[in-house]
Structures are given as structure tokens and as C-alpha cells.
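Reminder, nothing fancy here: chain letters follow the sequence lines and each chain counts from 1.
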Amino acid sequence: MRWTRTFIHTLRHDPSDAEVVSHRLMARAGMIAKVAAGIYNYLPLGLRSILKLEAIIREEMAAAGSTELLMPAVTPAELWQESGRWIKYGPELLRLKDRHDREFCFGPTHEEVVTDVVRRAIRSYRQLPVNLFQIQTKFRDEIRPRFGLMRGREFIMKDAYSFHADAGDLDIAYRAMEAGYRRIFERCGLSYTQVEADTGNIGGSESHEFMVLADTGEDAIISCTCGYGANVEKAHTGALPGPPAWPKPLPAKPEPVSTPDTKSVEDVAAFLGLAPAHLIKTMIFETDQEFVAALIRGDREINEVKLKNVLDCTHLQLASQEKIEKVTGGPHGFSGPVGLTEIRIIADPTVMAMPVAATGANAADTHLVGVVPGRDFEPALVADINLATPGDPCPLCDRAMEERRGIEVGHIFKLGTKYSEPMHCTFLDAEGEEKPCIMGCYGLGVGRTIAAAVEQNNDDRGIVWPLPLAPYEVVLVLLNADKEEVVSVADELYGKLEAAGVEVLYDDRPERPGVKFNDMDLIGFPVRVVVGKKGLGDGNVEISLRRDRERRMTPVSDTVQAVTALLDELRSELAS
RNA sequence: CGGGGUGUAGCGCAGCCUGGUAGCGCACCUGCCUUGGGCGCAGGGGGUCGGAGGUUCAAAUCCUCUCGCCCCGACCA
């Protein structure tokens, strides 16, 4: 392709709204352009990278046993009402009405639609398993879209869904998808990790996320050298060290102590001559259906995602000071579980393991000392609601874990019968009994993966594309567009490279060298071939790789061979 | 939705406080010049100052409302 016949327009300045490096560079390189908040044009250069990733995905999905279909972007409300998500999904679901006032939504994901597809066709266990995928534009009306393709409202996603007669068969498909995802990210040349994940609003049992590692990633990953890794939202820890020995005499029953103006755990502990780990922190939360008191040891924090799952609620937030006072009878900062009978108490196991503790007394400026969990209060529920932090022991091997950051590019779930049951997607088993299909679902953010690749591969001059995702593998740069003898050599080289099957962009613009070189570095084509009168004087062109920018002078006649050899070298690096 | 900010040429910004000719850099057009890392000189085109209302002799500037966008928190591929 000749540059002058395509549509590539680079920006000299950073767009003022671009915050992260991938957004900045993709916008400047003329790959994407914003149309509205969280909604982008994929310009020709950007689309090429997207299509390359899609091609890899299609190959690996086929290898994993999934078949492509395409479902509608606009889907009727009825399907969502059947699953219950018309209510549960909330304002993130973009709802539309047609001219007859019938309700639709722009699909944010397609469990309902695909379940409908399958239930119309499947009658018998003999027809299972089914495994379908699509690459589709989705829309989620995010509260705060940002970071370009990383967190758009409209975005391209590959989503796959599998249907099985039993859990064992689901596991086979799940493992195949898991392996397929690993191959996809490996083939892209990305550094990534696979972690245990929370299932979020989609629901289900087992779940893994695929994270491209980048310091700018929005997700925190807790991991151990033994291979354990989990999203911090989900991460467990091994047995935490217990609190230090109780430093004072033990009262026979909880004893109120005046603690004026001490609200934070640190203040109270210092005031009482105790360690933070001697206190029980009591947090009052408000959900869509109730108030609850969540109990955690004073030196730890509550993991709100875990808590939300334990409570099985849609919304969860800290209660306001007024509401705390109403529910507990005491002001904010002095809540405690003793005598708290109006609301459910959820306690972390570390709290129940405390032999004795200090807590708020649900009264102004007062704490209770000598509270014994299980004797002085009984929680409605004991569940892990502890937030894992770096340095905590690994649940598998007890070594200290570390925290890294990543960009979630893939998420796979075992859904079970969450959709098949309410939507009656059933089959007859060998005994003639009607059963709901066991389902799995497998998402992969296409645009986000491209953005993550940029996030991971750039320098101060621009993008450094990994070969498999580069919009073009090779750029041929004509330096002296007004010198006929230079042009004719470049034209001829362009023809030969194309004939040899090299994916080449020919920069035939009559621009100054500086402009061209800067554009090439910004866009980040892996291989650059420069034809200029200076090199040509010695019968040479200059070949360089974007990643090291080392220039090798090569005789014109050897160019095609040298370029293909370089490409082969880059490919074999990826394969190894 | 809550809190903070911003909207002036295609892009990046100044001007606003203290009302009075709408500006700068880049990009664009013409000519000359230059040509291996964003040249130089000269000339030129381009604006409902986000929108509506108000105050005023006079509003980009002050006031009110409204819309878009951005940043900080809860969602997610």
C-alpha cells in the first residue's frame, strides 16, 4: 500500500484528553480517533491491528473447538427479562425503544441471546456439547469511560459460550479455552499472567482472568512464586499470624472504657495501650436490601468485592454517618458487634480466631475492652472478607506474596445453570430426564488487547509493535521524492517486496526526512527500509528494526532477501 | 450519581480576574529556497469564542440556566 493512497494522519501534539500512553500514542499515530466519550473510530491503521488480532483469535478458537456465529448487537428486552438481568444490570445497559415503543438494549454481552439460540435447537444430550463464539461490537454505558480503547463504552469483544451435559464436559471445554487464550497472548508476543478471578455480575463458579502485565494496569494481582495468582478482589491468603499477646489483665466481661475523640483504629489502639490487631473494626454497610455490620481485625482491611459476594447483593456501599447512628445507636467511629441485634453481622474468620478483643461500644466516646468473639456476640455469618495485601502468606505454599498490576484482557467463567435454568435451555439425558445445560463463557477484549500491547511496547519516540499486531510489518521510506533516480529505485523495491509477499507500507510522501522518520518511529513499524540518494550513492538502502533502531546498510539488490530474513528471525523469536 | 475542572481556528493553547479591534504556535494555501531526524524567507485563507437567556452604550470577558468534555471515587473485556 502506498501511503499517499491510504488514510494515515498523525498528530504532532498529544490530544489533551489522552491520559495513558496507549491512548496517547494510538491517537497520535492516527490509529483511533474519538467520536464521543468512550466511542472511537478505528482508522485504517488501527483497524489493521485489530484485524490481525482477530485472525489469531479465529484460528485459536477453531483449534479450541469453537465455531463462529454472529448475534445481533440490538437485542429484545424479553430475553433479558427472562434471565432477570433487565432489572439487575442497571444503568450500564443501554436501553432503546423502537417506533412501536418496544424495548431493546444494545448488547453488553450475549449470554441471553446465545442461550436462546441453543435452546431452540438442542433436545438431547447427544447434541451436546455446543461451543460458539462471535467477534462483536458491544456497548456498556460505563459511568466513566476513559483511557481510549482500554475502557471504552463501545468496544470489540470476542465472546464464546459453551453448553454441556455435565460438569466434567464443561471442564474439558474450559481447559481447552484456557489453553487457547494462553496461545493467543503468546502469539501476540505479550507478557501476561493468568489469575483466579471474581465472577462479578456475570456469575458462576470457577473463573480466571488473563492479565497483560503493565504498571499502568487498573487491576491489582496478588501472586506467589509458586504459581498462585489471583485478582486482589478474589485473592485468599494463608493463615495470617495471630495478634500479639494481650498485654493487660482480662476482664470477666466486656468493660466500657471512655475513649474521647479516638475514632481510627490507630488512635484507639494507642489510647488503650493495645495493638491494632487487638481491635475488631466494625464497618456498617448498606446494600440494596439491608444494613450489615462487617467485622475485620483492626490491622486488616475489608475486601468489598468479597463482602458483596457473601451478601449476594447488587449494590454495596458504606453507610453514611447519619445512617450508622440510626442503625447502631452510636456515632460513626464507635460501632461494635456487641448488642447489635437489629442487623446481620458478617465476621472474617480472623476475627473469630481472636481470643479477646476491643471494639466500639455503639455509644459516643466509648469502647468495650475484653470482648470475646462467640461469647459476647454471635455473627450471622463467618466468611472470608479479608483484603489480601503484599507480604501476606500464600494460601498454597505460605511464602510471602507480591502485588503486581495488570490489564484484564480476557475473562473465562464456568457459569453452570445460571442462564440455562431460568431460560429453560434444557436437554434430555440418557435416562430421559430433562436437565438444564451446564454453561461456560469466555470473553476477550479485542480493542483492549491492542491497547495493552501498546501499553507494554513503547518508548519515548512512540509505539514498538510486536510483529504479529503491527499494522504493517515493513515500511519502505522514500526520502527524496523529487529525485527521479531515487523514486524509481524505491518504486521498484516496493514492487519486489509486494511480489515477495512482504506486508509493506510504502511512504511515498514528498515530506522532509525528519517528518518521515518521526512518523515511522511514532507508528512503530517493526522493520524500516530507507531509500535515499545518500545511501544510493553507494548502491545501498538502510534497513533497521524499530526496537533497536540499529541501521544496517544493505546493497539494493539484496534488500528483499535481507528483509524476509529479518522477518523470519523475528517470527522465530516469537515461536521460541 | 457525588466532588473538582474545562470549553476560544483542524490540533495545542493565551486572552477572562480589571468588559471596548479575537490572538500565538503547529497544521493548511501560494511563491522562492531547502532536502538522511519535525528546514528558512515572504505572502495568504480560516472563528456563530459550546448553546440559550440576562446585565450593559458595549460581553470571549460579568450573572443565570443548559449541553459537551476531562479529572478524582463505586463497574468491567
Side-chain angles (χ1 to χ4, degrees), chain A residues 9-19 23 27-28 30 33-39 57 89-93 108-110 135-147 149-160 181 197-202 209-212 218-219 231 233 285-286 304-305 308 314-318 320 406-413 441-452 461 477-483 486 510-522 528 530-537 540-542 544 549 551 553:
Chain A
H9 299 278
T10 57
L11 265 34
R12 199 169 281 215
H13 302 282
D14 288 341
S16 60
D17 59 356
E19 234 200 315
H23 183 195
R28 281 194 57 198
K34 189 166 77 177
V35 181
I39 300 176
I57 291 171
Y89 219 104
E92 209 172 291
L93 190 62
T109 171
H110 279 72
I135 296 179
Q136 237 257 14
T137 296
K138 311 266 189 210
F139 196 96
R140 292 183 193 171
D141 201 354
E142 297 265 350
I143 292 161
R144 197 147 94 78
R146 52 185 152 171
F147 303 156
L149 294 194
M150 204 100 103
R151 186 184 277 268
R153 292 194 292 172
E154 189 187 284
F155 58 99
I156 301 172
M157 176 169 155
K158 186 285 303 177
D159 47 327
Y181 272 47
D198 177 67
T199 49
N201 273 349
I202 296 185
E209 284 171 335
F210 292 82
M211 300 276 195
V212 169
E218 288 190 89
D219 288 279
N231 192 309
E233 294 175 347
F285 285 90
E286 178 183 359
E304 291 192 23
V305 174
K308 193 170 153 186
T314 322
H315 298 290
L316 176 78
Q317 61 177 40
L318 280 168
S320 67
I407 299 161
E408 180 191 354
V409 289
H411 200 161
I412 61 178
F413 305 79
C441 82
Y442 318 91
L444 195 158
V446 175
R448 187 182 275 189
T449 301
I450 295 295
R461 299 182 157 271
V477 184
L478 165 65
L479 279 196
N480 312 93
D482 58 337
K483 296 272 184 301
V486 182
E511 286 288 348
R512 301 180 62 79
V515 172
K516 293 191 165 211
F517 289 139
N518 280 303
D519 277 346
M520 299 316 131
D521 289 344
L522 174 61
R528 188 183 80 179
V530 178
V531 184
K533 71 165 190 232
K534 209 153 125 186
L536 240 36
N540 289 330
V541 299
E542 174 206 293
S544 61
R549 305 178 65 244
R551 299 162 187 205
M553 300 311 290

Review point. Does A:A36 have any side chain to side chain contact (heavy atoms under 4.5 Å, CB included) partners at least two apart in sequence or in another chain, and if so, which?
Key: A:I39
Check your understanding: Reckon A:R153 touches a base, only the sugar-phosphate, or nothing at all at heavy-atom distances under 4.0 Å?
Key -> nothing
Exercise for review: Just call it for A:G152: base, sugar-phosphate, or nothing, with non-hydrogen atoms closer than 4.0 Å on any strand.
Suggested key: base
Practice item. Check every strand shown and say whether A:E304 touches a base, only sugar-phosphate, or nothing at a heavy-atom separation below 4.0 Å. Key: nothing
Exercise for review: Output yes if the stacking criterion (under 5.5 Å between centres, under 30° between planes) is met for A:F155 over the base of B:A77, else no.
Suggested key: yes
Point to revise | P atoms of B:C39 and B:C26, separation to the nearest Å | key: 10 Å
Point to revise | Between B:G4 and B:G47 - C1' atom distance, rounded Å | key: 30 Å
Check your understanding: Which distance, rounded to the nearest 0.5 Å, do you find between the CZ of A:R461 and the CZ of A:F517?
Key -> 11.0 Å
Check your understanding: Which distance, rounded to the nearest 0.5 Å, do you find between the CZ of A:R28 and the CG of A:N518?
Key -> 8.5 Å
Exercise for review: With C1' as the reference atom in both, quote the distance from B:U48 to B:A60 in angstrom, rounded to an integer.
Suggested key: 12 Å
**Study point:** Rounded distance (nearest 0.5 Å) linking atom CZ of A:F155 with atom CZ of A:F139
**Key:** 9.5 Å
Review point. Counting side-chain heavy atoms from C-beta on, which of B:C76, B:C39, B:G38 comes nearest to A:R151?
Key: B:C76
**Study point:** Distance between C1' atoms of B:G38 and B:G46 (Å, rounded)
**Key:** 23 Å
Exercise for review: Just call it for A:N480: base, sugar-phosphate, or nothing, with non-hydrogen atoms closer than 4.0 Å on any strand.
Suggested key: sugar-phosphate
Study note, to complete from the structure: Re B:G2: Watson-Crick or G-U wobble partner, both distances kept under 3.5 Å, found to be B:C72
Exercise for review: Sticking with atom P, work out how far B:A27 lies from B:C11, rounded to a whole angstrom.
Suggested key: 15 Å
Check your understanding: How many angstroms lie between atom CD of A:E209 and atom CG of A:N231, to the nearest 0.5 angstrom?
Key -> 4.5 Å
Check your understanding: Contact class for A:V515 (heavy atom, under 4.0 Å): base, sugar-phosphate, or nothing?
Key -> base
Exercise for review: For B:G10 and B:C63, measure between their C1' atoms and round to the nearest Å.
Suggested key: 33 Å
Exercise for review: Using whole Å, report how far CD1 of A:I39 lies from P of B:G68.
Suggested key: 12 Å
Check your understanding: Which comes earlier along RNA chain B counting from the 5' end, the contact point of A:E19 or that of A:M150, where each point is its nearest nucleotide?
Key -> A:E19
Review point. Phosphate oxygens OP1/OP2 of B:C70: is one of them under 4.0 Å from a side-chain N or O of A:R146?
Key: no
Check your understanding: B:C76 C1' sits how many Å from A:F139 CZ, rounded?
Key -> 14 Å
Review point. Taking the P atom of each, how far is B:C72 from B:G31, in whole Å?
Key: 48 Å
Exercise for review: Rounded to whole angstrom, note down the C1' distance from B:C75 over to B:C17.
Suggested key: 40 Å
Check your understanding: Base, sugar-phosphate, or nothing for A:G535, non-hydrogen atoms under 4.0 angstrom?
Key -> base
Check your understanding: Salt bridge between A:E19 and A:R146, side-chain N to carboxylate O under 4.0 Å?
Key -> no
Revision key, fill the gap. For B:A59, the nucleotide meeting Watson-Crick or G-U wobble distances (both under 3.5 Å) is none
Revision key, fill the gap. Between the NZ atom in A:K138 and the CE atom in A:M157, the distance rounded to the nearest 0.5 Å is 5.5 Å
Practice item. Give a yes/no on whether any side-chain N or O of A:K516 is located under 4.0 angstrom from OP1 or OP2 of B:U35. Key: no
**Study point:** Identity of whatever pairs with B:U21 - Watson-Crick or G-U, under 3.5 angstrom
**Key:** none
Check your understanding: Which part of the nucleic acid, if any, lies within contact of A:G532, taking any heavy atom under 4.0 Å across all strands shown: a base, the sugar-phosphate backbone alone, or nothing?
Key -> base
**Study point:** Phosphate OP1/OP2 of B:C72 contacted by A:R144 side-chain N/O (<4.0 Å)
**Key:** yes
Review point. Is there a donor and acceptor pair, one atom on the side chain of A:R551 and one on the base of B:G37, closer than 3.5 Å?
Key: yes
Pull out every protein N or O sitting under 3.5 Å from an N or O of nucleotides 9-16 of chain B, one pair per line with the distance.
unit_1, atom_1, unit_2, atom_2, d
B:G12, OP1, A:S16, N, 3.2
B:G12, OP1, A:S16, OG, 3.3

Revision key, fill the gap. Result for 5'-nearest mapping on RNA chain B, choosing between A:K34 and A:V530, is A:V530
Practice item. Using the test side chain to side chain donor-acceptor pair (under 3.5 Å), find all partners of A:R144 that sit at least two apart in sequence or belong to another chain. Key: none
Check your understanding: Given side chains that start at C-beta, do those of A:Y89 and A:R140 come closer than 4.5 Å, heavy atoms only?
Key -> yes
Review point. Should B:U48 form a Watson-Crick or G-U wobble pair with both distances under 3.5 Å, which nucleotide is its partner?
Key: none
Point to revise | Shortest side-chain distance from A:R512, nucleotide among B:C76, B:C39, B:C69 | key: B:C39
